[in-house]
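For ligands, and for the atoms within them, numbers begin at 1 and follow the listed sequence.
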Amino acid sequence: MSCTGPRPGREVAVLGGGLIGLAVAWRAASRGLRVCLADPDPGSGASSAAAGMLAPVTEAHYGEERLLALNLRSAAAYPEFVRELENFTNMPAGFDTRGTLAVAFDRDDQAVLAETARFHARLGLDSDRLTGREARRLEPLLAPGVQAGLLVRGDHQIDNRMLHAALLAAAEKAGVCLHRARAGLLTDGTERVRGLLLESGERLPAEHVVLAAGCWSSEIEGLPPGVLPRIRPVRGQILRLAMPAVPVLTRTLRALVRGRSVYLVPRAHGELVVGATSDELGFDTGVTAGGVYELLREAHDVLPGISELPLVEARTGLRPGSPDNAPLLGHTALPGLIAATGHYRNGVLLTPVTADAVADLLTEGALPEYAAPFSPDRFAAADRLAASTGEF
Ligand code: GLY
């Protein structure tokens, strides 16, 4: 498909057809902008590997309160986002509100879970402490040794593969011109971005380029040095099992097992996702025997019934990690280039809020207040501070 020809009005080119890129493209096109998008294989990266947990509470970490506020906002936006998407495409997005149960396997894990409960209470987050017996009442196939639980009703999940398929359909229906091709930035030797340059040599001129290329964002052809901090790939190995008609689990389970974390995400259509490792090994996408062994060992310790389930998939995804593990949203130092990347562990969760914030920036010229702290220039400011204090 070609995006060339006379095009009145503003133009946007999106680089990356994962959940973030597609949602931005859909939202921008819905607001009347003319949008094209380039990706050689949309959704083949982290968007399809992910487990789809929408878990601002059970993934809240110490020192990340600012990110927590963004995560909570996006979680709150999900029901309406999904409703609009499903109505527009007539496709299900696999949104599931059955909640999340966190459990502790041994006494040490129980102490950590108790501290997590206190952390939630301090932040005013909604979670309820359970005894092991109460947890088993909710999920009868939990191992008898499970010591304690924490029920977080507001942490939901979505089938990220169904969501991606629906967003792809929505973007195309809204008029986004999709190029299944590798692309770099087009600058024409100037100090601003002028669009995208496809590997075929085809040019996609655009006033703004939205960079949504996940862990490849800082590797993009044509990106001048220093415009973005390094976005590092963080490998997650993840498994998919098939559940019987009577499921072994009815809600997302996050377990601490002898200090190690594992999650199990049951889909309504019978899939059980088990994840995930966190390996900083560059762009290596291999699945390892050790990674699979550890995931299955921990999962089996808390839910022994999984040993009978068919293992249908073992794969990896590369999370895009920014230097502070929070996303980069907004204008970069290269005029015309807008970042929508670096979502690390929260890409699925942050899809609605990212799309809306970037669409606001494109149509109104400014990021909404809630997104402003995630501007890429926070790293330039940190660098300046480090330079002035002699810290590197
Ligand atoms: N958010 C889940 C993960 O990154 O593994």
Side-chain angles (χ1 to χ4, degrees), residues 18-20 23 43 45-62 64 67-68 70-75 78 94-96 99-103 116 125 150 152 154-161 163-164 214-215 217 231-241 249 251-257 259-267 271-281 283-288 290-292 294-296 298-299 302 313-322 324-327 341-354:
L19 294 171
I20 299 287
S47 295
S48 57
M53 290 179 296
L54 308 174
V57 176
T58 46
E59 288 218 19
H61 295 294
Y62 295 103
E64 292 189 352
L67 178 60
L68 173 65
L70 192 72
N71 287 344
L72 287 168
R73 173 179 281 271
S74 207
Y78 245 100
F95 185 45
D96 182 330
T100 295
L101 176 64
V103 296
T116 303
L125 301 172
L150 201 56
V152 182
D155 273 6
H156 300 149
Q157 58 136 316
I158 193 157
D159 186 321
N160 37 295
R161 294 178 179 180
L163 175 64
H164 187 272
C215 68
S217 295
I231 304 297
R232 69 189 199 287
V234 182
R235 184 176 74 179
Q237 302 187 47
I238 191 159
L239 312 174
R240 281 171 162 82
L241 281 56
L249 190 66
R251 55 176 63 71
T252 297
L253 182 68
R254 303 182 71 110
L256 255 186
V257 184
R260 301 174 66 93
S261 301
V262 67
Y263 51 76
L264 296 91
V265 185
R267 304 279 195 232
E271 183 177 79
L272 182 66
V273 185
V274 179
T277 66
S278 192
D279 321 318
E280 306 241 3
L281 292 167
F283 288 91
D284 182 344
T285 52
V287 175
T288 65
V292 173
E294 283 167 14
L295 288 173
L296 289 177
E298 265 80 78
V302 284
E313 186 182 294
R315 64 162 290 181
T316 56
L318 296 175
R319 306 176 184 90
S322 74
D324 62 4
N325 293 334
T341 188
H343 293 76
Y344 190 42
R345 303 183 76 95
N346 297 303
V348 185
L349 173 60
L350 289 173
T351 293
V353 91
T354 299

Between Gln237 and Thr288, do the side chains contain an N or O donor and an N or O acceptor separated by less than 3.5 Å?
-> yes
Got the closest protein heavy atom to atom 4 (O) of ligand 1, with its distance?
-> Arg319 NE, 2.7 Å
Determine yes or no for a side-chain-to-main-chain donor-acceptor pair under 3.5 angstrom, with Arg161 supplying the side chain and Ser48 the backbone.
-> yes
Find all atoms of ligand 1 within a distance of less than 4.0 Å from any non-hydrogen atom belonging to Glu59, and give their numbers and elements.
-> 1 (N), 2 (C)
Among protein heavy atoms, which sits nearest to atom 5 (O) of ligand 1, and what does the distance come to when rounded to 0.1 Å?
-> Tyr263 OH, 2.6 Å
Test log, rule side chain to side chain donor-acceptor pair (under 3.5 Å), inputs Asn325 and Arg232 | CA-CA 10 Å; Asn325 293 334; Arg232 69 189 199 287; 3.0 Å; yes
Per-atom filter on ligand 1: closer than 4.0 angstrom to a heavy atom of Met53 are 2 (C)
Polar side chain donor-acceptor pair, Arg251 to Gln157, under 3.5 angstrom | no
